[in-house]
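Numbering of residues begins at 1 and proceeds along the displayed sequence.
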Amino acid sequence: MTAHHRPSAGRFLARHLRPLGALTATAALTLLLAACGSSKGTGSAGAADADATITIGSLNEPTTLNVVKGGNTGHAQVLLRNVVEGLTVLTDDGKVEPLLATSWDVSPDGTGYTFHLRSGVTFSDGTPLTANDVVAALKRVTSDESTSARKKNLSIMKTIEAPDDSTVKVTLSSRSQSFLFYLTATGAAVTKPNAGNPETTVIGTGPYSLGAWKQGDSITLTRNDKYWGEKAKNKEVVYRFFKDATAENNALLAGQLDLVTQVTSPDMLAQFDKRSDFSIVEGTSTTKELFNFNDAVAPFNNPDVRHAIRQATDRKALLKAVWADRGQVIGSMVPPTDPWYEDLTSIDTYNVDGAKQLLAKAGFAGGLSFTVDYVPSDSINIVAQGLKSQLAKAGITITLNPVDDATWTDKVYKNHNFQATIMTHVNQRDLVWYGDPKFYWQYDNPQVQQWVKDSEAAATADEQTALLKKVARQISEDAASNWLFLDPAIKVASTSVSGYQKNNTTDSFYVAPITKR
């Protein structure tokens, strides 16, 4: 099985791409209930070995090491914050903080940023970092060669200059409250210019230098003893890449791995739950499971129909079937680590009688039928079967139509030729897509569009947050989509390692704090 994979650059949705033949909901629930038990901590006793090698299992091998051309989450997991760093960093709790920049000044109109660079920073080969290196990196992310997911967002940079070796000045074409957040992306990270083939060679300022990349097998990171900050607590990290979760699981059981970046198949937990030599650790994520409607076509252009479907959906039961009560039910397109989160789960709570009344009001007293397109995966198949069973109780019949990824992209994403779909969205701060009536679900509310636009041009972060809270509430009150639940971030690790990140709320998998005894 493969995990969260970005379909193409510039698009901020992601999906689980896993083979057919997934578990039935009943079988999954049985297995998961058996696995629902202890969640041991990330700590371990004994002295840490400062020269340890940490071996990490991942289902996401990078397709390239070019920082402005990364096509999947493996690219960021390996490189970002480990090998390369940006002016700012997105922390595990969703906050934007300084990194290569220690501070910045913003002009009164909000379009001018003056970044003050951290002193004493060198690339891993010992070359000093200068402001010109940062300028080159920021120009590269918006260049013709770039296919970075943040290229469009960062194209608001009108001028990028280095008045001296420790200062970078950026002028934006318009105010952007999200600019500092966009700078946390892998594409905006600073690499040494002209260091070699950018597809395979990366020299950054992070706590590791890039070692061997054995394509199809592994990538090795080696501690950078020239690092400007706190040195990595291990000497070496080896990412081993697997084609499917079963092989990764077997390697972990055999002691060939110290931990895995993310458990993507819930049924594997039962094998580790009762073993004292493994820890199961749950954190939060930004991975949202959605049941989306094509809001521009009948009958989904009627809000009563959309509300009926939401009220006919028992989100807690779906979450239980997939993750055995791990994870979190959500009421809008906002995870708790986004600044504008609030609990909106009280809107459209499970109410089969209410759903029937809304359908009758909309002219479907005799029932409603439609087709759901989706890319199959272990969890998505369980959700699809669960929705089919739940909606039937309200007189709603859905035809499940599993398709491959290319078909979904063409039919649903590009051509909007669908009625409903199940999709996984993993990115942070992606609420703003409801301000784009051309996005694949075609939700069209001019007030929401204005709030989204105004939020980006807001004078302060507090104003942005207030406006996007309005957006989150409005799309829920409009039942623009049926937000099901937030996936948990679950890691299985040997009890000999500790210090690994608990949450999956950033693009990187930061490994410098990991220790092994």
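For the pair Thr88 and Leu180, the tightest heavy-atom approach, listed with the atom from each and the gap, is OG1-O, 2.8 Å. Closest of all the heavy-atom pairs between Tyr239 and Asn82 is OH-ND2, 3.5 Å. Annotation for Gln262 and Ala489: closest pair OE1-CA, 3.5 Å, computed over non-hydrogen atoms.
Residue pairs meeting the salt bridge (charged side-chain N to carboxylate O under 4.0 Å, His left out) criterion with at least one partner in residues 466-484, sequence neighbours excluded, are Glu342-Arg473, Arg473-Glu477.
For an aromatic pair to be called close, the ring centres must be under 6.0 Å apart, and Tyr440 with Trp408 satisfies this. Ring centroid separation for the pair Trp433 and Phe439 comes in under the 6.0 Å cut-off. Ring pair Trp441/His425: centre-to-centre distance below 6.0 Å.
Looking only at distances, a side-chain donor or acceptor of Ser285 sits under 3.5 Å from a matching main-chain atom of Asp487. Remark: the backbone N or O of Thr53 is not paired with any side-chain donor or acceptor of Lys235 at under 3.5 angstrom. Distance alone, capped at 3.5 Å, places no donor-acceptor pair between the Ser124 side chain and the Asn224 backbone. No donor-acceptor pair closer than 3.5 Å links the side chain of Lys502 to the backbone N or O of Tyr500. Between the side chain of Arg118 and the main chain of Trp228, no donor-acceptor pair closer than 3.5 Å is present. Judged purely by atom type and a 3.5 angstrom limit, Ser494 has no side-chain atom pairing as donor or acceptor with the backbone of Val497. Distance alone, capped at 3.5 Å, places no donor-acceptor pair between the Asn427 side chain and the Asp430 backbone. When atom types are taken as modelled, the side chain of His75 and the backbone of Asn60 share no donor-acceptor pair closer than 3.5 angstrom. The main-chain N or O of Ser176 is never found under 3.5 Å from a side-chain atom of Gln464 such that the two would form a donor-acceptor pair. Side chain of Ser148 to backbone of Arg150: a donor-acceptor contact under 3.5 angstrom is found.
When side chains are defined from C-beta on, Ser332 counts as touching Ile475, because their heavy atoms get closer than 4.5 Å. Looking at Phe241 and Pro62, their side chains come closer than 4.5 Å, going by heavy atoms from C-beta outward. By the 4.5 Å heavy-atom criterion applied to side chains, Val263 and Phe272 are not counted as neighbours. The closest side-chain heavy-atom distance from Val452 to Glu456 is not below 4.5 Å. Between Leu387 and Ile398 the shortest side-chain heavy-atom distance falls below 4.5 Å. Within the 4.5 Å cutoff, the side chain of Val134 has no heavy atoms near those of the Leu100 side chain. No side-chain heavy atom of Phe485 sits less than 4.5 Å from a side-chain heavy atom of Gln328. In this structure the side chain of Ile309 reaches within 4.5 angstrom of the side chain of Leu391, judged on heavy atoms.
Applying the 6.0 Å contact sphere to NZ of Lys233 captures no more than 12 heavy atoms from other residues, nucleotides or ligands. Residue Lys231 qualifies as enclosed at atom NZ: its count of foreign heavy atoms under 6.0 Å is above 12.
Expressed to the nearest 0.5 Å, how far CD1 of Ile56 lies from CG of Leu259 amounts to 5.0 Å.
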- Given salt bridge (Lys or Arg N to Asp or Glu O under 4.0 Å), test Lys516 with Asp258 step by step and report yes or no. CA-CA 9 Å; Lys516 184 176 182 179; Asp258 293 307; 3.1 Å; yes
- Please lay out, stage by stage, how Leu486 and Thr284 fare under the test side-chain contact (heavy atoms from CB on, under 4.5 Å). CA-CA 8 Å; Leu486 194 70; Thr284 190; 3.6 Å; yes
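The closest side-chain donor-acceptor pair between Asp93 and Thr91 falls under 3.5 angstrom.
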